[in-house]
Peer 1: 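First the structure, then my questions, so here it is.
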Amino acid sequence: MSAEERTTETIPQWKQEEVDALVEVIESYDSVGIVKVTGIPSRQLQEMRRELYGTAELRISRNTLLSRALDEVDEGVEQLNDYVAGEVGLIATDDNPFGLYKELEASKTPAPINAGEVAPNDIVIPEGDTGIDPGPFVGELQQIGANARIQEGSIKVLEDSVVVEEGDVVSSDVANVLSELGIEPKEVGLDLRAVFSDGVLFESDELAIDVEEYRADIQSAAAGAFNLSVNAVIPNAQSLPALVSKASGEAKSVGPQAAIESPDLMDDLVSKADSQVRAIAAQIEDEEALPEELRGVEAPAETAEETEEETEAEEEAEEEEEAAEEEEEESSGAEGLGDMFGD
């Protein structure tokens, strides 16, 4: 049935009221999505609705009425009709899609699995002591593929044992053993299928990202761009302080060598001149020709002192430059990521 047929067909009053209520929800929030609710008991579903109160609104309705409401709103949100199948509900929030996905995933809880259900992942009975006394249960474990033995007065699993592979149907024998061991291999919660927000449709796999890894990638890229801008002398708001510090350090290093007179360099220039005078004095053999304070001067020691002072000046300039770069690297990068991902 086309959207036009659905909107022009006469429907009972209660259905129209439900569609109107759904339309109001869709139009009242920034982000609207479709969630899968299959297998969630009604009591637990009500608890989830209460937990979402204040951050998101969950509404369960007939799929035909939900589709009709999506078509009536239009504006791109009707794309969500592709995900209205099976047991689903409408979820709406003013949070961004990444924040909504993160919240729904965090709200999921472990649950036992029943016979006839499809394993959502590999079901593993872990290595270790089951805490169950010797008896027929060891045979049940072995029958479903677990490496189990009776040891030291207890039934033990000798190694991690995969008893059902992902996608396979769980047998009644496996379900009974898992229940006896208290293993809950599945998660119960709202599975977000897709979200429409700000004119963009996001599928669940596009929202399932590692926030910390993404943050680290951006920080690394920002640090690389910062280093490039400093080394290539590209001035911008982030690189300018480091460029100024680097230029200052280089000027301090070149200044004494070029004998540039500057208040900041006077101590270095006087020290260098003193070292040069002493070096020349050491070359004069006639001590009577020298002032008393320059007699007996040894050139190697003074030359070493001069070299040490120059080296210290260069190291100081380099340290100032590195400190400025580190400060800028720490401050640049992933600002605002928390808002993007709902942190």
Side-chain angles (χ1 to χ4, degrees), residues 2-4 6-7 16 18-38 40 45 48-108 189-222 225 237-238 331-343:
S2 68
E4 183 178 355
R6 279 200 296 267
T7 55
Q16 185 58 55
E18 174 65 13
V19 171
D20 292 341
L22 289 168
V23 168
E24 183 178 358
V25 171
I26 295 171
E27 294 180 335
S28 298
Y29 292 90
D30 295 335
S31 301
V32 180
I34 301 297
V35 291
K36 179 182 176 182
V37 297
T38 304
I40 304 177
L45 192 60
M48 292 179 180
R49 180 180 278 110
R50 284 195 295 269
E51 290 176 359
L52 290 171
Y53 182 77
T55 60
E57 182 174 349
L58 174 65
R59 191 176 184 95
I60 309 298
S61 184
R62 292 188 180 184
N63 289 1
T64 53
L65 302 181
L66 177 54
S67 293
R68 183 185 294 272
L70 292 170
D71 286 337
E72 285 193 14
V73 175
D74 200 3
E75 299 177 0
V77 74
E78 74 279 359
Q79 298 175 66
L80 289 173
N81 270 320
D82 293 338
Y83 306 91
V84 179
E87 298 179 41
V88 298
L90 177 73
I91 191 163
T93 179
D94 286 329
D95 197 358
N96 65 72
F98 295 94
L100 176 61
Y101 179 86
K102 184 178 179 180
E103 180 180 8
L104 294 182
E105 288 298 303
S107 68
K108 291 183 177 180
L190 300 172
D191 285 324
L192 190 60
R193 287 186 169 181
V195 181
F196 185 82
S197 179
D198 292 330
V200 180
L201 181 71
F202 297 89
E203 293 188 331
S204 59
D205 58 347
E206 297 173 313
L207 302 173
I209 65 174
D210 187 326
V211 176
E212 293 305 318
E213 180 181 354
Y214 194 80
R215 190 193 308 274
D217 289 343
I218 292 181
Q219 288 176 329
S220 176
Q238 284 71 38
S331 63
S332 62
E335 297 179 358
L337 288 180
D339 292 337
M340 180 183 296
F341 299 110
D343 289 347

Peer 1: When rounded to the nearest 0.5 angstrom, what is the spacing between CG in Leu66 and CD1 in Ile60?
Peer 2: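 Result: 9.5 Å between the selected atoms.
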Peer 1: Please identify each residue that fulfils side-chain contact (heavy atoms from CB on, under 4.5 Å) with Glu57, with sequence neighbours left out.
Peer 2: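 side-chain contact (heavy atoms from CB on, under 4.5 Å) check on Glu57 returns Val25, Tyr29.
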Peer 1: What closest approach, in Å, do Ala194 and Leu201 show between heavy atoms, and which atom pair accounts for it?
Peer 2: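 Looking at all heavy atoms of both residues, the shortest contact is CB-CD1, 4.2 Å.
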Peer 1: With rounding to the nearest 0.5 angstrom, report the CZ to CG distance, Phe202 to Asn96.
Peer 2: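 Between Phe202 CZ and Asn96 CG, I get 8.5 Å after rounding to 0.5 Å.
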Peer 1: Hey, could you give me the CG/CG distance between Leu90 and Leu22, rounded to the nearest 0.5 Å?
Peer 2: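 If we round to the nearest 0.5 Å, Leu90:CG and Leu22:CG are 6.5 Å apart.
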Peer 1: Nearest 0.5 Å, what's the OG-CG distance between Ser204 and Asp191?
Peer 2: 8.0 Å
Peer 1: Closer than 4.0 angstrom, basic N to acidic O: yes or no for Arg59 and Glu24?
Peer 2: no
Peer 1: Is a donor on one side and an acceptor on the other found under 3.5 Å between the side chain of Glu78 and the backbone of Gly76?
Peer 2: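 Confirmed, Glu78 side chain pairs with Gly76 backbone.
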Peer 1: State, with a plain yes or no, whether a side-chain heavy atom of Glu72 is found less than 4.5 Å away from one of Ile26.
Peer 2: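 No - every pair of side-chain heavy atoms lies 4.5 Å or more apart.
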Peer 1: Quick test of your reading of the model: are Lys102 and Glu105 salt-bridged, counting only N-O distances below 4.0 Å?
Peer 2: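 A salt bridge is absent here (no side-chain N lies under 4.0 Å from a carboxylate O).
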Peer 1: Nearest 0.5 Å, what's the OG1-CG distance between Thr93 and Leu58?
Peer 2: 12.0 Å
Peer 1: Return the minimal non-hydrogen interatomic distance between Met48 and Gly189, and the atom names on each side.
Peer 2: CE-CA, 3.4 Å
Peer 1: Taking Val88 as the fixed residue, which of Leu190, Asn63, Leu80 is the one that meets the side chain to side chain contact (heavy atoms under 4.5 Å, CB included) rule?
Peer 2: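 So the option named by the test is Asn63.
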Peer 1: Hey, are Thr55 and Glu103 close enough side-chain-wise for a donor-acceptor pair under 3.5 Å?
Peer 2: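 Result is yes, a qualifying pair exists.
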Peer 1: Which heavy atom of Phe196 sits nearest to which heavy atom of Gln79, and what is that distance?
Peer 2: CE1-NE2, 3.6 Å
Peer 1: Starting at CG of Asp198, measure out to OG of Ser31 and round the result to the nearest 0.5 Å.
Peer 2: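 Interatomic distance, Asp198 CG to Ser31 OG, rounded to 0.5 Å: 6.5 Å.
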Peer 1: Indicate the atoms forming the closest heavy-atom contact of Val37 with Gly89, along with that distance.
Peer 2: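 Scanning both residues, the minimum pair turns out to be CG1-N, 4.4 Å.
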Peer 1: Does the side chain to side chain contact (heavy atoms under 4.5 Å, CB included) test come out yes or no for Glu87 and Ile40, once each step is laid out?
Peer 2: CA-CA 10 Å; Glu87 298 179 41; Ile40 304 177; over 6 Å; no
Peer 1: Measuring only between side-chain heavy atoms, which start at C-beta, is Asp82 closer than 4.5 Å to Ile34?
Peer 2: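 The answer is no, as the side chains (C-beta and beyond) never meet within the 4.5 Å cut-off.
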Peer 1: Please examine the side chains of Tyr83 and Glu203, heavy atoms only from C-beta on, and report whether any two atoms are closer than 4.5 Å.
Peer 2: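 In short, these two side chains touch, coming nearer than 4.5 Å.
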Peer 1: Leu52 versus Leu104: any side-chain heavy-atom pair under 4.5 Å?
Peer 2: yes
Peer 1: What heavy-atom pair brings Ser28 and Asp94 nearest, and what distance separates the two atoms?
Peer 2: O-OD1, 4.1 Å
